[in-house]
Structures are given as structure tokens and as C-alpha cells.
Amino acid sequence: MRIAVGGFQHETNTFAPSKATFEDFERADAWPPLTRGQGMAQVVSGINLPVAGALEYIQDQGHEILPLVWASAPPSAHVTEDAFERIVAMLLEDLKKAGRLDGVYLDLHGAMVTEHLEDGEGAILKRVRDLLGPDVPLAVSLDLHANVTPEMVDLADILEIYRTYPHVDMAATGARAAERLEALLNTEERWHKAFLQLPFLIPLTGGCTFIDPSKSLYEKIPHLIDENKLISFSFACGFSPADIYHVGASVVAYGKDSARVWKVAEEFRDAVIAREAEFAGDLFAAPDAVSKAREISAAASRPVVLADTQDNPGAGGNGDTTGLLKELVAQHAERAVVGVLCDPASAAGAHDAGVGADIRLSLGGKSGWPGVTPLEGTFKVLALSDGKTVGTGPFYKGANIDLGKTALLEISGVKVIVGSRKIQAADQSMFRTVGIEPSSMGILALKSSVHFRADFQPIAEKVLVAASPGPNPVDYEALAYRRVRPGIRLMPGSSRTS
Ligand SMILES: [Zn+2]
């Protein structure tokens, strides 16, 4: 069989400060740079990415792979029209060049919003479908944070969605989508689909599958598929900070018996609604988070982790807010380190000054978010590095992480790792680039919402989710939604609707 494989990933926080340009897709971050054609397999090989899992599966089954374009950029505000149109043009050109195809697999996110389109993936699939015609099977994997739309469900023969957050099953999901695609290639029948949307937005932290309610809901999925002889069943938590009509969580199911497919989907939706209040989770204001962390860490041998969720670069933050750092300094926290604050100018200044130097800096707070100002002061340069490392934890495993020029600085006894590229602090290797062994610290303040849990929860005494001002607000009632479909509760259990 001749199977084309490509991808185009972006998670769009429409409230975030900066857009994703073509250059952002061209550049490597924690994931590879834009890749096209025969080199793709080598570029993504061994990385926890859907496309890598799909390629491996298709190759193992002995099918012929026709590589298309694959590109991803860090989460941010809208994808520019220029970036979207150029990359989709590549995708369509590569599909045309591939000639006769038996099937197509695409690695998409599901929460892409562009300057000119609310439903990026719906538009990609429409153009791909127009080119392929109605009969060529099209399988798509999506992120657990996909804002799935009816158009995506209509246009793809199958959508497969991650079941873990931290996303340790990205490659596995790609492989599962490829396996379903292969099943479609061997049959004329097409599966019945059920698609249901949930009536409330889920905060990022509420989707974490390490803790309930998401843990037990996601654990049910394989059993639901087996017991009901479904082809596929997925639950997406949605990506809530997106002001679009179809924002939010959804259930997508496939099977041969239409009534059964709908029944299972409806029952699961109702099970999610029954646990609505639990999705809100515990959240601490920065002063409370720091004092609680100090208290716990004083009596513990393992670090307390503070998740600086509202500045998570994995959700559109720029990784440069200073609220939590200032609070650690104000409370004279001991054995505390903040990672990774993105401030290329300060990192360069530290490199120019050298290890051991004391330098005046206006650190962070440069992306212009309301309530965020730089931390002014004299910092000691403790260590320097080129910021290059390979991920060792379950989420970033094998990824070539490049933080750019990186420095370990200290102010009033609090350490801060300053990098030059925004990457969420979801892997211990990022700390080791400047000689910090995370398990030896008392408090680890991480710019991440949930992905850090894969690598840091096992070494943590306690995880506290902290709120200091940033572009990824936990309280969606504070955001000015205008386009969301009517009646959606902006927070779990809230009486405020869109
Ligand atoms: Zn995600």
C-alpha cells in the first residue's frame, strides 16, 4: 500500500501575546524544525511524536511511505495567515507529487487558530479532502487538547486522540491512527461516527491524567472499546484559552453499530459531566504557594514543585513572568530554583560577564503582560551553558532540547535558570545543563502546567499549582470570550456561561 504521511501542529491560545510565524515553524524548538520529503523519517525517528509512531508502524507493516511536510511551532497566539498558507501549500504540493495513494495519515493538533481561520485543522482537512476525493482513507491523530469541530469529524475517516496528559503516548497515538488507517485500506465499509461536545471548559490542570477525575475517566477508555466492540473511542479535554465557536472538550467514537457508538459516547459524556466540579482542581495564589512550599520543604528530603501554570510556554506563555520568582525572593526561600525563565538579553549579559561575576539585570517581564514587571537587581552568575540537551524524561524523551544561551543566576539566595528560547520546564535534563540536580533542591518552580509531572512528580514531595499573572489564566471567567457557542460554562461548575 502507498501511504502518505505528514503533519502540521499548533496549539493556539488566542489570548497569548505573540503569534506563530513561518520562521517559528522552520526553527527547531524541543521538537524538530519543519521537515519535508525523504529526510522526515530520520528527523523524527525515536522521538515521542505521533508522526514518529505512525511512520514506525507503517514501515513495520511493509507499506510504502510517501513523506509529505511535517511542521510544528510552540504554542502561542494565532498562526499567521502567511505561515498557514505556505505550509498548507507545501502539504498539497507534496500530496500531488506523491501520485496514486491508498491512504493518508496526518499528525495534527486540533487546536490551531489562524489569523484568517477559526478552525485551522478543519481547513487543512477540507483542502486535503478536496484533493484526495471522497474515497481515499484519511486518518488523523490529535492532541488531548484538541478543540474538535464537526468539520474535522466529517472530513477525516478516523480521529485518534492522545489518552495521557503529560502526553507520554504521542507516538503510541500516531501508531494507533496508522493501525486504524490500515484497517480501512482493507475494507470498503466506513465506520459510524459519534461526536458530542461538553457544556463546560476544562482548565489545563484539570485534564492531567495523573490525578482524578481525568485519571479514572481515561483509564476507562480501553475497556469501553473492548466491551462494546468499538473501533475507536477518544475524549479530548479541549484547549480552553481559545476564543472560538467550537472551543472545549468532546467525545469522538467509531464503530460498526451506530446505536452502540452513540450510546457509549453519551454515557461517557454524562460520566464527565457528573464529575464536573472536580475538574477545577486546587490552585494557590503565589504568596500562599511559596509559604506552603517553604513549610513542606523544611521538613522533607524531596523537593516541593510549584507549577507556574499561568506562564506555561506550552500553552502560549512566553516563559518570562516574574511573579513567582519575586515571591520566592521576598520570602527568602531556601534551596529554591526557578526554571526556565526565558530572557535572551539577560542570558547573553551573563555570558558576557562570565561565571562568578555580579551583574545588574532587569530580568524577565519583557513580553508586556499586565501586572508583570522585570525583577531588577544584582545577580551572581553561577554557571553558563549552551542550553543544548537531550530529553531524558518520559515526555521529552529523545528530544533535542535547545534553550539557547543559558545561565544559572542567583539573587538573595534564590537561583534562577535563564534561557534564550521558551520551552516548558518538563524535563530534568534542562536543569542539568547548568549543573543543577533537581532532586537535591528544596523548591522547584517550573514554567509548566502539567507536562512536568511526567518527569518531576516521581521525585517530588508535593506538587502545588501556583497562580501568578500570565497569559494562560486558570480562571477562564477572567478572559474576554466573544465567539464561543452559547451556553458553555466558562469554568467547571460555574454559573457564568458564554
Ligand atoms: Zn496538549
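In listed order, ligands and their atoms are each counted from 1. None of these values were measured; they are calculated from a predicted model.
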Next on the checklist: Tell me the closest heavy-atom pair linking R180 and I231, and the distance in Å.
Outcome noted: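 Closest heavy-atom pair between R180 and I231: NE-O, 2.8 Å.
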Checklist entry - For the residue pair R485 and Q197, what are the closest heavy atoms and their distance? => result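 R485 and Q197 have their closest heavy atoms at NH2-CB, 3.5 Å.
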Next on the checklist: Only N/O/S atoms count here: what is the atom of H145 closest to the Zn ion (ligand 1) called?
Outcome noted: ND1
Checklist entry - Below 2.8 Å, any N, O or S contact between D143 and the Zn ion (ligand 1)? => result yes
Checklist entry - Do you see an N/O/S atom of H109, backbone or side chain, under 2.8 Å from the Zn ion (ligand 1)? => result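 So H109 does not bind the Zn ion (ligand 1) by this criterion.
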Checklist entry - Do the side chain of D107 and the main chain of A52 share a donor and acceptor less than 3.5 angstrom apart? => result no
Checklist entry - Of T433, D427, T406, L403, which is the lone residue that meets side chain to side chain contact (heavy atoms under 4.5 Å, CB included) with T389? => result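 Of the listed residues T433, D427, T406, L403, the side chain to side chain contact (heavy atoms under 4.5 Å, CB included) partner of T389 is T433.
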